Amino acid sequence: MVLKLYNTLTRKKEEFRPIKKGEVGIYTCGPTVYDCAHIGNFRAYVFEDVLKRYLRYRGYRVRHVMNLTDVDDKTIAGSKKEGIPLNEFTARYIRIFFDDIKTLNIEPAGVYPKATEHIDEMVALIKKLLEKGVAYHGEDGSIYFDISKFEGYGRLSKVRFDESKESKERTKLDEYAKDEVRDFALWKAWTPRDGDVFWDTEIGKGRPGWHIECSAMSMKYLGDTFDIHAGGVDLVFPHHENEIAQSVSATGKRFVNYWVHNEHLLVEGRKMSKSLGNFYTLRDLLERGHDPNAIRYLLLSSHYRQKLNFTFKRLNAARNTVQRLSDFLDRIKNAGGLVGKEWNEKLHKETIKTKERFDDAMDDDLNTPRALAAMFNLVNRTNRAIENKNASKENLEEVYDLFMKFDSVLKILEHREHKKDEIPEELEELIKRREEARKRRDWETADSIRDLLKEKGVIIEDTPDGPRWKKINTDP
RNA sequence: GCCAGGGUAGUCUAGUGGUUAGGCAGCGGACUGCAGAUCCGCACUACAUGAGUUCGAAUCUCAUCCCUGGCUCCA
């Protein structure tokens, strides 16, 4: 099987073929660092993370570039409001962003170019567009891209640009300095509102438009044509459409081979927005006691091109699911006296088949729900084999290794590689005392200690091999 | 208006022209001092509605109803 990805450009699943054998260049639109990212942002980042990890699982070397938009209306407004320099303001949110992706087990990109550090590249690109006559100076001194000069405009988003009545009316309504509403800014001339945020360049005093940074930086780090460009659906238009226009006009080459876009996330059935009060950052969820693994699992439990309805009910269900998987791994890791002696050929075949099913599902446009279903199937079969003492140590090791392999892509199992969690000594002591009570058949003492431990967030399970404990989440 | 995506058992998600869907929740049983975990079983053969194509449709076609998103900064 070959990996297939749904390409927004063709609206079809296409076999993925990299430009350079064994290597993939991928550019993902990163955060505008003026605030904490929210769970909708993280759906995109987690999806991109899984895409990247799966490519690697498939044996590709991946070069991943993610931009940090650190100059735009919002970052300027934010820094002005706080009376601190722009870079100081954005540094704070960049730090938070990196903390957050670490929490969600998102692997950092290889390069995180900042817009403010690539002004030269952007200016060079804009100059090229001016020379080619596809860009023009507006009355306000800003530089705009003339979309009528780019034949393929609208191909990605399938937006048609006939001179509709509506758009003409809007041109009249707003006082635009540009010729046509759909034309977009490459370079924004300085205005007093920008304060000390400006660059004095050959093309004037001002700052870059939003779209140009992605064209300039992606091509700088990945080449004029690269493999995959990813982002949320909202970016299809106008952002990515504009990137194509700029890049192709400048180089005359194809810009990106595969455009992949993830659908949005709804919260309790509605669009997430601050006014509806259903706007959550990762920090909000952590404060409520939710487990990052559960959040990540929830984000992967629907297909990425499907709208995902984020609810607390589902998040709690996700926590239980992740817990069960984690329990399962603990079980097969420490099966001890539970295992049989004989190699179970049937379970072995089932294990092999599970890998095939997982790979097939992921090859099919990263169908994570189907991949998860394959995993649960093996969980059930393995549990049954253990129950019947019909699995050998080697069988269980094989299953365990396979799950670790799956988790190198999904990253929803415990991060701690199953080394024992630390718990305070006093709790260890309680567990010991409870065991002593149980030996005396003093159930009353044993049970009260168990309740006490539960209050302290530790659940005790008695097994034939002695007591086992695990921490519990205290989700709402 | 234009461009999209949906409606699948209590619930959430996959999927498919004919064969037992996966998770979560619930109930009963086994196991256990009890609990938990696990196993077995149950509700349960489920696909918005109507018509058509077909030997056969939940899947394909047409129509209808309902939900959501984008078209302006947005993952």
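Below, chains carry the letters A, B, ... as their sequence lines are ordered, and counting in each starts from 1. Because the structure is a prediction, the values reported are computed rather than measured.
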**Q** Classify the nucleic acid contact of A:His38 as base, sugar-phosphate or nothing, counting any heavy atom under 4.0 Å across all strands shown.
**A** base

**Q** Would you mind pulling out the nucleotide paired to B:A21, Watson-Crick or G-U wobble, both distances under 3.5 Å?
**A**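 Pairing partner, where one exists within any strand: B:U13.
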
**Q** Of A:Arg11 and A:Tyr45, whose nearest nucleotide on RNA chain B comes first from the 5' end?
**A**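 In this pair, the answer is A:Arg11.
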
**Q** Report yes if a side-chain nitrogen or oxygen of A:Asn383 is closer than 4.0 Å to either non-bridging phosphate oxygen (OP1 or OP2) of B:C39; otherwise report no.
**A** yes

**Q** Would you classify A:Arg434 as touching base, sugar-phosphate or nothing, given that sugar-phosphate means primed atoms plus P, OP1 and OP2, and contacts are heavy atoms under 4.0 Å?
**A** base

**Q** Scan A:Leu265 against the nucleic acid and name what it touches under 4.0 Å (heavy atoms): base, sugar-phosphate only, or nothing.
**A** base

**Q** Figure out the CD/P separation between A:Glu461 and B:C34, and round it to whole Å.
**A** 16 Å

**Q** Using atom CG of A:Asp234 as one end and atom P of B:A4 as the other, report the distance to the nearest whole Å.
**A** 17 Å

**Q** Whole-Å distance between B:C3 P and A:Phe237 CZ?
**A** 15 Å

**Q** In whole angstrom, give me the gap between the C1' atoms of B:G22 and B:G56.
**A**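 B:G22 and B:G56 have their C1' atoms separated by 27 Å.
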
**Q** Which class fits the ring pair A:Phe98 and A:Tyr112: parallel under 30°, tilted 30 to 60°, perpendicular over 60°?
**A** perpendicular

**Q** Choose from B:U13, B:G33, B:C73 the nucleotide whose nearest atom is closest to any side-chain atom of A:Pro238.
**A** B:C73

**Q** For B:A14 and B:C24, measure between their C1' atoms and round to the nearest Å.
**A**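 Approximately 15 Å lies between the C1' atom of B:A14 and that of B:C24.
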
**Q** Take atom P in B:G36 and the same atom in B:G28, then report the distance between them in whole Å.
**A**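 It comes out at 12 Å once rounded to the nearest Å.
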
**Q** Under 4.0 Å, heavy atoms only, any strand: does A:Glu48 hit a base, just the sugar-phosphate, or nothing?
**A**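 No contact.
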
**Q** Assess the side chains of A:Asp100 and A:Thr103: does a donor N or O sit below 3.5 Å from an acceptor N or O?
**A**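 Absent: no donor and acceptor within the cut-off.
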
**Q** Could you tell me how far apart A:Met272 (CE) and B:G69 (P) are, to the nearest whole angstrom?
**A** 13 Å

**Q** If only side-chain N and O atoms count, and only distance matters, is there a donor-acceptor pair under 3.5 Å linking A:Asn67 with A:Thr69?
**A** yes

**Q** Report which part of the nucleic acid A:Gly40 touches: base, sugar-phosphate, or nothing (heavy-atom distance under 4.0 Å, all strands).
**A**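 Contact class for A:Gly40: base.
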
**Q** Using whole Å, what does the distance between atom P of nucleotide B:A75 and atom NZ of A:Lys307 come to?
**A** 17 Å

**Q** Go through the side-chain N and O atoms of A:Tyr57 and A:Asp359 and say whether any donor and acceptor fall under 3.5 Å apart.
**A** yes

**Q** Which base sits across from B:C2 as a Watson-Crick or G-U pair, both distances under 3.5 Å?
**A** B:G70

**Q** Partner of B:G28 by Watson-Crick or G-U wobble geometry, both contacts under 3.5 Å, or none?
**A** B:C40

**Q** Answer yes or no for this row: A:His264 ring on B:A75 base, centroids under 5.5 Å, planes under 30°.
**A** yes

**Q** Please state how far atom CG in A:Asn390 lies from atom P in B:C39, giving the value in whole angstrom units.
**A**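 Rounded to the whole Å, the gap is 15 Å.
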
**Q** For nucleotides B:C62 and B:A57, find the distance between their C1' atoms and express it as a whole number of Å.
**A**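 So the two C1' atoms sit 14 Å from each other.
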
**Q** Take the protein atom CZ of A:Phe97 and the nucleotide atom P of B:A75, then report the distance between them rounded to whole Å.
**A** 11 Å

**Q** Rounded to whole angstrom, note down the C1' distance from B:U61 over to B:A75.
**A** 36 Å

**Q** Does any nucleotide pair with B:C34 by Watson-Crick or G-U wobble geometry, both distances under 3.5 Å, and what is it?
**A** none

**Q** Can A:Arg288 be said to sit on top of A:Phe312's aromatic six-ring, NZ or CZ under 6.0 Å from centre and within 45° of the ring axis?
**A**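 Positive - A:Arg288 is close enough to the ring of A:Phe312 and near enough to its axis.
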
**Q** Students often get this wrong, so: under 4.0 angstrom with heavy atoms, is A:Ile39 touching a base, only sugar-phosphate, or nothing?
**A**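 Nothing, no heavy atom under 4.0 Å.
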
**Q** Between the base of B:A35 and the side chain of A:Arg450, is one N or O donor paired with an acceptor at under 3.5 angstrom?
**A**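 In this structure, the two groups form a donor-acceptor pair.
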
**Q** Checking A:Phe97 against A:Tyr45 for the ring pair (Phe, Tyr, Trp, His ring centres under 6.0 Å) test, could you report, in this order, the C-alpha distance in whole Å, the side-chain angles of both residues, the deciding distance, and whether it holds?
**A** CA-CA 11 Å; A:Phe97 171 73; A:Tyr45 304 146; 5.6 Å; yes

**Q** Less than 4.5 Å apart, any side-chain heavy atom of A:Met404 and any of A:Leu329?
**A** yes

**Q** Across nucleotides 40-48 of chain B, 5' to 3', mark each nucleotide with B, S or - according to how protein heavy atoms within less than 4.0 Å reach it.
**A** S--------

**Q** Which nucleotide, if any, forms a Watson-Crick or G-U wobble pair with B:C60, using both distances under 3.5 Å?
**A**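 Matched B:C60 with B:G52 under the 3.5 Å cut-off.
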
**Q** Work out how far the P atom of B:A58 is from that of B:A48, and round it to whole angstrom.
**A**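 It works out to 9 Å between them.
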
**Q** Could you measure between the two P atoms, the one in B:C42 and the one in B:A35, and give it in whole Å?
**A**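 After rounding to an integer number of Å, I get 23 Å for this pair.
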
**Q** By nearest nucleotide on RNA chain B, pick out whichever of A:Ala44 and A:His303 is the more 5' one.
**A** A:His303

**Q** More than 12 non-hydrogen atoms from neighbouring residues, nucleotides or ligands closer than 6.0 Å to CZ on A:Arg11, yes or no?
**A**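 Atom CZ in A:Arg11 is packed in, count exceeds 12.
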
**Q** For residues A:Tyr54 and A:Asp363, is any side-chain donor paired with an opposing acceptor at under 3.5 Å?
**A**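 Yes - a donor-acceptor pair under 3.5 Å links their side chains.
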
**Q** Looking across every strand, which nucleic acid part, if any, lies under 4.0 Å from A:Asn367 by heavy atom: base, sugar-phosphate, or nothing?
**A**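 Contact class for A:Asn367: sugar-phosphate only.
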
**Q** Is A:Arg331 close enough to B:U38 that one of its side-chain N or O atoms is under 4.0 Å from OP1 or OP2 there?
**A** no

**Q** For nucleotides B:U59 and B:A21, find the distance between their C1' atoms and express it as a whole number of Å.
**A**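 B:U59 and B:A21 have their C1' atoms separated by 14 Å.
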
**Q** For residues 364-378 of chain A, pull every pair meeting salt bridge (Lys or Arg N to Asp or Glu O under 4.0 Å), keeping only residues two or more places apart or in separate chains.
**A**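 Every pair satisfying salt bridge (Lys or Arg N to Asp or Glu O under 4.0 Å) with a residue in residues 364-378 of chain A: A:Lys13-A:Asp364, A:Arg305-A:Asp365, A:Asp364-A:Arg370.
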
**Q** Looking only at the side chains, is there a donor atom on one of A:Ser301 and A:Arg314 sitting less than 3.5 Å from an acceptor on the other?
**A** yes

**Q** Do you know which of A:His240, A:His64, A:His261, A:His239 makes ring-ring contact (aromatic ring centres under 6.0 Å, His included) with A:His229?
**A** A:His240

**Q** At under 4.0 Å between heavy atoms, which parts of nucleotides 24-31 of chain B does protein reach? Answer with one letter per nucleotide, 5' to 3': B base, S sugar-phosphate only, - none.
**A** SS------

**Q** OP1 or OP2 of B:G70 versus the side-chain N and O atoms of A:Lys271: is any pair under 4.0 Å?
**A** yes

**Q** Classify the side-chain pair A:Asn395/A:Ser392 by whether it contains a donor and acceptor separated by less than 3.5 Å.
**A** yes

**Q** What is the distance from CZ of A:Arg381 to C1' of B:A21, rounded to the nearest Å?
**A**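 So the CZ-C1' distance, A:Arg381 to B:A21, works out to 13 Å.
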
